[in-house]
S.K.: 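Before anything else, here's the structure in question.
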Amino acid sequence: KQEVTQIPAALSVPEGENLVLNCSFTDSAIYNLQWFRQDPGKGLTSLLLIQSSQREQTSGRLNASLDKSSGRSTLYIAASQPGDSATYLCAACTSITQGGSEKLVFGKGTKLTVNP
Amino acid sequence: DAGITQSPRHKVTETGTPVTLRCHQTENHRYMYWYRQDPGHGLRLIHYSYGVKDTDKGEVSDGYSVSRSKTEDFLLTLESATSSQTSVYFCAIRGRREENYGYTFGSGTRLTVV
């Protein structure tokens, strides 16, 4: 059974700092890994998706890496801003059945606060 | 964003009453999902669908049923609502190959069972 863990559960940093959010998963047989952002009381916004054959993806100040063999992914945020404050969720796309259906298995998230 | 609409956005209902939540998509995606999000548990899969009339259970399916009579609509029914079903419910679609099979989520339905 796939389990996804995110560390730390909460993180508070001053504005401008570079930071790393960690995600680990127990089953390396994933199709892809997706990072989401969730603001309080809102839905999930997709940030980056890394396919199982890729090592990293970049979008603006965000960079996500994937190491399937060790069951780890990291989300790097450069030059953090107060507007980055949110909960960041990591989700591994994994097989439900041998018939090919898939699902996302989520970590519980890292709540990030960037202080001005 | 993949044209996903959830309704209602908020609902308060009484214990023991049936409740139906609706997820509507406009882009003909095959796979649709219902998740619930609770503090301390994160997001957990309730049911999913891999086509019209093709549905299956997720990890927390007890007390829930689903139906998909059209590609665009995926309905989640709480047969007899209980306080433990107070939660935020999210619908999701799985994108196509050209979208790297990424998932997109609706805005959620906040359900309170009193």
Side-chain angles (χ1 to χ4, degrees), chain A residues 1-7 9-10 23-25 27 30-54 56-59 64 66 86-111, chain B residues 1-7 9-10 23 25 29-51 54-61 66 68 87-112:
Chain A
K1 177 187 173 185
Q2 178 74 271
E3 293 181 0
V4 178
T5 303
Q6 291 187 247
I7 295 173
C23 171
S24 62
F25 47 94
D27 185 351
I30 63 171
Y31 294 99
N32 58 51
L33 188 133
Q34 201 164 353
W35 283 92
F36 295 88
R37 168 187 173 137
Q38 186 175 31
D39 294 291
K42 302 295 185 182
L44 282 69
T45 301
S46 180
L47 298 173
L48 288 165
L49 181 150
I50 312 176
Q51 297 180 69
S52 61
S53 58
Q54 296 177 322
E56 65 179 81
Q57 279 288 332
T58 298
S59 176
L66 175 65
T87 296
Y88 290 80
L89 297 166
C90 162
C93 185
T94 190
S95 177
I96 301 176
T97 65
Q98 292 190 349
S101 293
E102 304 153 11
K103 67 175 180 179
L104 288 184
V105 178
F106 283 84
K108 294 180 181 179
T110 294
K111 184 176 182 180
Chain B
D1 222 356
I4 302 174
T5 305
Q6 289 187 236
S7 58
R9 292 296 312 277
H10 303 271
C23 179
Q25 56 127 338
H29 291 284
R30 179 184 173 194
Y31 283 85
M32 299 182 75
Y33 303 79
W34 278 106
Y35 283 83
R36 61 178 287 176
Q37 185 176 35
D38 303 288
H41 290 280
L43 283 116
R44 294 176 293 173
L45 181 65
I46 306 171
H47 279 280
Y48 68 99
S49 170
Y50 48 98
D54 291 323
T55 65
D56 208 343
K57 297 178 180 179
E59 59 196 281
V60 289
S61 60
V66 290
R68 193 166 179 202
S87 185
V88 181
Y89 292 85
F90 288 102
C91 174
I93 60 93
R94 192 197 74 172
R96 298 182 180 82
R97 184 182 202 177
E98 56 266 32
E99 299 161 315
N100 294 319
Y101 301 118
Y103 286 69
T104 303
F105 283 76
S107 300
T109 294
R110 185 172 296 274
L111 177 68
T112 303

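These values consider heavy atoms only, across backbone and side chains, with no hydrogens, waters or symmetry-generated copies. This structure is a prediction, so every number in the text was calculated from the model and none was measured.
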S.K.: Select one option (side chain, backbone, both, neither) describing which atoms of A/Q38 are under 4.5 Å from chain B's heavy atoms.
M.R.: side chain
S.K.: Please state whether the side chain, the backbone, both or neither of B/Y103 comes within less than 4.5 Å of a heavy atom of chain A.
M.R.: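 The answer is both parts of B/Y103.
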S.K.: Which atoms of A/F36 are under 4.5 Å from chain B, going by heavy atoms: the side chain, the backbone, both sets, or neither?
M.R.: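 For A/F36, the side chain is the part near chain B, not the backbone.
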S.K.: At a heavy-atom separation under 4.5 Å, does B/Q6 approach chain A through its side chain, its backbone, both, or neither?
M.R.: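 Neither; nothing under 4.5 Å.
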S.K.: With sequence neighbours excluded, give me every salt bridge (charged side-chain N to carboxylate O under 4.0 Å, His left out) pair touching residues 29-40 of chain B.
M.R.: B/R36-B/D38, B/D38-B/R44
S.K.: Which answer fits B/L45, side chain, backbone, both or neither, if we ask what part of it has an atom under 4.5 Å from a heavy atom of chain A?
M.R.: side chain
S.K.: Calculate, to the nearest 0.5 Å, the distance between atoms CD and CZ belonging to A/Q34 and B/F105 respectively.
M.R.: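 A/Q34 atom CD to B/F105 atom CZ measures 7.5 Å (nearest 0.5 Å).
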S.K.: Need one label for A/K42: side chain, backbone, both or neither, based on atoms under 4.5 Å from any heavy atom in chain B.
M.R.: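 Looking at A/K42, just its backbone touches chain B.
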S.K.: Please state whether the side chain, the backbone, both or neither of B/Y101 comes within less than 4.5 Å of a heavy atom of chain A.
M.R.: both
S.K.: Do side-chain atoms of A/K108 reach the backbone of A/Q6 as a donor and acceptor pair under 3.5 angstrom?
M.R.: no
S.K.: With a 4.5 angstrom heavy-atom cut-off, which part of A/L104 approaches chain B: side chain, backbone, both or neither?
M.R.: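 When you check distances to chain B, atoms from both the backbone and side chain of A/L104 fall under 4.5 Å.
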S.K.: Answer yes or no: is there a donor N or O on one side and an acceptor on the other, between the side chain of B/H47 and the main chain of B/G58, under 3.5 Å?
M.R.: no
S.K.: I need the residue from A/G43, A/A91, A/G107 with the largest number of non-hydrogen atom pairs under 4.5 Å to chain B.
M.R.: A/G43
S.K.: Can a donor-acceptor pair be found, under 3.5 Å and without considering hydrogens, that links the side chain of B/R9 to the backbone of B/G108?
M.R.: yes
S.K.: Check whether any side-chain heavy atom of A/Q2 lies under 4.5 Å from a side-chain heavy atom of A/I30, and answer yes or no.
M.R.: yes
S.K.: Is a side-chain N or O of B/T55 found less than 3.5 angstrom from the main chain of B/Y48, in a donor-acceptor match?
M.R.: no
